[in-house]
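First the structure, in the form of structure tokens, and then the observations on it.
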Protein chains: 2
Amino acid sequence: MPKVNRTRFAVLGMLLSGPKSGYDVKQEFEERLGHFWSESLGQIYPALHRLHDDGLVSVKVEQRARRPERKLYRITKRGRDEFRAWLAEPAAPVGVRNELLLKLYFGSQMDPSQALEHIERCEAHQMQLRSLFKAFESEIEREAASREQLVYWRVALLSGQHVNRARLAWCRDARAALESLMNEQGAAPSEKSHA
Amino acid sequence: MPKVNRTRFAVLGMLLSGPKSGYDVKQEFEERLGHFWSESLGQIYPALHRLHDDGLVSVKVEQRARRPERKLYRITKRGRDEFRAWLAEPAAPVGVRNELLLKLYFGSQMDPSQALEHIERCEAHQMQLRSLFKAFESEIEREAASREQLVYWRVALLSGQHVNRARLAWCRDARAALESLMNEQGAAPSEKSHA
DNA sequence: CGCCGCATGTAAGAGGTTACATGATTCG
DNA sequence: CGAATCATGTAACCTCTTACATGCGGCG
């Protein structure tokens, strides 16, 4: 298993669109990649230091009138080369760890009504996500620097939307399954206390 | 943020269906929860020791003729109680870290044909997954111990299938978007070398 | 004055994978 | 005999989040 450090390249990639401070990098992760990637400041600052040690970025301290000073990191030629090499490599599959499904797998240990609550929470969350994605649609239209970039941003967003729709559809199916289970048990109450 | 140890409860949950060894627990994770949860032996053994220290499981060494001996862990009353309490709590949302989308987000740094390869790899992987899910459908039908358990297992599987279908649909959309981008650029080749 | 936003960093600690270490038994 | 499976465990090593520590400037 070719274990590469993804934070390293995620941060490096953020610098492609121009020199940035660690703080800027964090902002951009949250604003634009929030639905498929995240990095904390506790990862970003050390990553920038390491990138500098390795010569993939250069630093310059920027002094601004009446604003705190900050370090602007700029990607170097070597940085670009290494980034492109990383881009070409196959992506590792997403690690799956879904706590909701884990709990539902053990659903027979709880009340069906409790299981239903879990699903309703998921449904509410996915509805919110749907709105966010909707708002994002117009935002990337405005902010993309080129036709090419817009296409790739749309592709990334589209993935979120497809999965979001799938989760919403699943919530409906799951609710239906649990409701019919509750009807069955309500109609024919077998012994439950020692299950 | 109420940080609870999920491995602890995942392992504890595995013992609900009867006493098991650490090795058994690992098997069951792989066979039945593979698509939404995983635990390594390096987590499972220490987790069982801690569960024992905390009185949530009991141990018994099982001697078998001409087979290596093993430790059978059995969930205790307290274990069941704590497990049920954990089940009732809201599940943490899935942490998102999708390396494929990260690379595609930076797609304008590579050849569209390279981006296309990334998508085709994803598509191939999702096709395999689809077959696995299909096979799983009949397996849970055979192995569920009760009607109730079957419903919950079906709900968990259904989630995998919905998301799998969404990813396949996205692969098709993404391929189409990239192919039309390649046509545009092939027809009107603007300067590319310094992008 | 106190809080918020900007800005940089470190340290502690949890969580997680992999490799290592050991040993029995079974099957070809 | 050697490889695969069963079986248990530890150690090293990443990764990641959180909390802590510090300081400036603007705003109410």
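Labels below follow one simple rule: chain letters A, B, ... track the order of the sequence lines, proteins then strands, and each chain is numbered from 1.
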Using atom [atom1] of [X] as one end and atom [atom2] of [N] as the other, report the distance to the nearest whole Å.
X	N	atom1	atom2	answer
B:Arg66	C:dA24	CZ	C1'	13 Å
B:Tyr45	D:dC6	OH	P	11 Å
B:Gln63	C:dA24	CD	C1'	12 Å
B:Arg50	C:dG13	CZ	P	15 Å
A:Glu69	D:dC24	CD	C1'	10 Å
B:Asp24	D:dC6	CG	C1'	10 Å
B:Arg70	D:dA7	CZ	P	5 Å
B:Tyr23	C:dG23	OH	P	18 Å

Kindly check if the number of other-residue, nucleotide or ligand heavy atoms within 6.0 Å of CZ (B:Arg165) is above 12?
yes
B:Lys71 vs D:dG9: side-chain N/O to OP1/OP2 distance below 4.0 Å
yes
Are OP1 or OP2 of C:dA14 and a side-chain N or O of B:Arg6 less than 4.0 angstrom apart?
no
Which part of the nucleic acid, if any, lies within reach of [X] when heavy atoms closer than 4.0 Å are counted: base, sugar-phosphate only, or nothing?
X	value
A:Gly42	base
A:Arg64	sugar-phosphate
B:Ser40	base

So, B:Lys20 side chain and B:Gly18 main chain: donor-acceptor pair closer than 3.5 Å or not?
yes
Of B:Leu72 and A:Arg67, the one whose nearest nucleotide on DNA chain D sits closer to the 5' end is B:Leu72
Closest approach to the side chain of [X], judged atom by atom: which nucleotide of [options] is it?
X	options	result
B:Tyr73	C:dT8, D:dG9, C:dC6	D:dG9
A:Leu41	C:dT17, C:dT8, C:dG15	C:dT8
A:Gln43	D:dC16, C:dT10, C:dT17	D:dC16
A:Asn5	C:dG9, C:dA7, D:dT15	D:dT15
B:Pro68	D:dT10, C:dC6, C:dT25	C:dT25
B:Thr7	D:dT8, C:dG16, C:dG23	C:dG16
A:Ser38	C:dT8, D:dT10, D:dT17	D:dT17
B:Arg97	C:dC6, D:dC16, D:dG9	D:dC16

So that I know where these two stand, are B:Phe9 and A:Phe106 an aromatic pair - ring centroids less than 6.0 Å apart?
no
Determine whether the aromatic ring centres of B:His35 and B:Phe133 lie less than 6.0 Å apart.
yes
Mind jotting down which residue pairs meet the ring-ring contact (aromatic ring centres under 6.0 Å, His included) criterion with at least one end in residues 143-167 of chain A? Sequence neighbours excluded, please.
A:Trp153-B:Tyr105
Checking side-chain polar atoms at under 3.5 Å, does A:Asp24 have a donor or acceptor matched by the opposite partner on A:Ser21?
yes
